[in-house]
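What follows is one structure encoded as structure tokens, with my remarks underneath.
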Amino acid sequence: MTLDDELDLILGRRDRDNMQPTIDALLPYYAAHPGNARVLYDVGGAYDTAGQEDIARGFYERALAAGLEGELLCRCYVQYGSTLRNLGAYERSLEIFTAARAAFPESPALGAFEAITLHAAGRSDESVAALLDLVVNFVSTPDIERYKPAITGNAAYIRTLESEHS
């Protein structure tokens with residue numbers, strides 16, 4: 001069984017309401033593979049889910065530095081950006097989401113969590129505008145298609161309100 005298979009098994013058994021057994025199961029892998037990006041990410045995620053964002057932050061940062069790639073990189077950006085928001089580091093969170101959205105423009109989750117950070121940072125108008133952009137870019141129904149120009153125009157208008165409040 002590969003390391004990824006073993007990690008998948010541990011994470012498949014996790015109880016999000018009691019993450020300590022998962023953390024305990026992951027820590028020996030961290031001890032054995034302290035520079036492995038996937039291990040760092042999974043340990044960070046376990047601490048994050050347990051509500052220990054202060055510990056998760058360091059693991060996410062090390063996972064990113066270790067070269068996390070692909071879907072795991074995208075997921076790490078979502079979780080790291082959210083962790084930063086939960087720690088009150090709004091500007092750093094927004095920097096992460098900006099970089100992440102440039103790397104993964106097809107991810108509506110990144111946009112949604114960026115909007116949550118904007119709201120938490122007191123930038124409600126920009127948050128609503130960002131959510132409207134997500135609707136235009138990722139929801140494809142006949143009525144959304146029909147109203148795309150109006151939704152886009154309203155998003156642009158709402159953004160001007162944000163600059164008026166600054």
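If you're wondering where the values come from, they're calculated on a predicted model, not measured in any experiment. Note that these values count all heavy atoms, side chains included, but never hydrogens, waters or copies made by symmetry.
Annotation: side chain to side chain contact (heavy atoms under 4.5 Å, CB included) contacts of F138 (sequence neighbours excluded): P108, L134. Partners of D54 according to the salt bridge (charged side-chain N to carboxylate O under 4.0 Å, His left out) rule, which considers only residues two or more places apart in sequence or in another chain, do not exist here. Scanning for side chain to side chain contact (heavy atoms under 4.5 Å, CB included) contacts around A103 gives an empty result, with sequence neighbours left out. For R38, the side chain to side chain donor-acceptor pair (under 3.5 Å) criterion is met by D4, D8, D42, not counting sequence neighbours. Not counting sequence neighbours, the partners of S107 by the side chain to side chain contact (heavy atoms under 4.5 Å, CB included) test are C74, F104, A109, L110. In this view, E145 and K148 satisfy the salt bridge (charged side-chain N to carboxylate O under 4.0 Å, His left out) rule, not counting sequence neighbours. Considering only residues two or more places apart in sequence or on other chains, D133 meets the salt bridge (charged side-chain N to carboxylate O under 4.0 Å, His left out) condition with R159.
Using modelled atom types, no side-chain atom of T49 and backbone atom of A46 make a donor-acceptor pair closer than 3.5 Å.
If you check the side chains of T83 and N86, you find no donor sitting under 3.5 Å from an acceptor.
Applying the side chain to side chain donor-acceptor pair (under 3.5 Å) test to pairs two or more places apart or on separate chains, those with a residue in residues 66-78 are Y41-R75. Listed by first and then second residue, the side chain to side chain donor-acceptor pair (under 3.5 Å) pairs involving residues 26-36 are E6-Y29 (not counting sequence neighbours).
In this structure, the side chains of L118 and D125 stay at 4.5 Å or more apart for every pair of heavy atoms. Considering only heavy atoms from C-beta on, V43 comes within 4.5 Å of Y47 through its side chain.
Apart from L9 itself, the hydrophobic cluster it occupies contains M1, where clustering links Ile, Leu, Val, Met, Phe, Trp and Tyr at side-chain heavy-atom distances under 4.5 Å.
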Name each donor-acceptor pair under 3.5 Å that joins a side chain in residues 95-102 to protein atoms two or more places apart or in another chain, with its distance.
| residue | atom | partner | partner atom | Å |
| --- | --- | --- | --- | --- |
| E95 | OE1 | R92 | NH1 | 3.0 |
| T98 | OG1 | L94 | O | 2.9 |
| R101 | NH1 | E114 | OE1 | 2.7 |

Side chains of residues 12-25: which donor-acceptor pairs under 3.5 Å do they make with residues two or more places apart or in other chains?
| residue | atom | partner | partner atom | Å |
| --- | --- | --- | --- | --- |
| D15 | OD1 | D17 | N | 2.9 |
| Q20 | NE2 | D24 | OD1 | 2.8 |

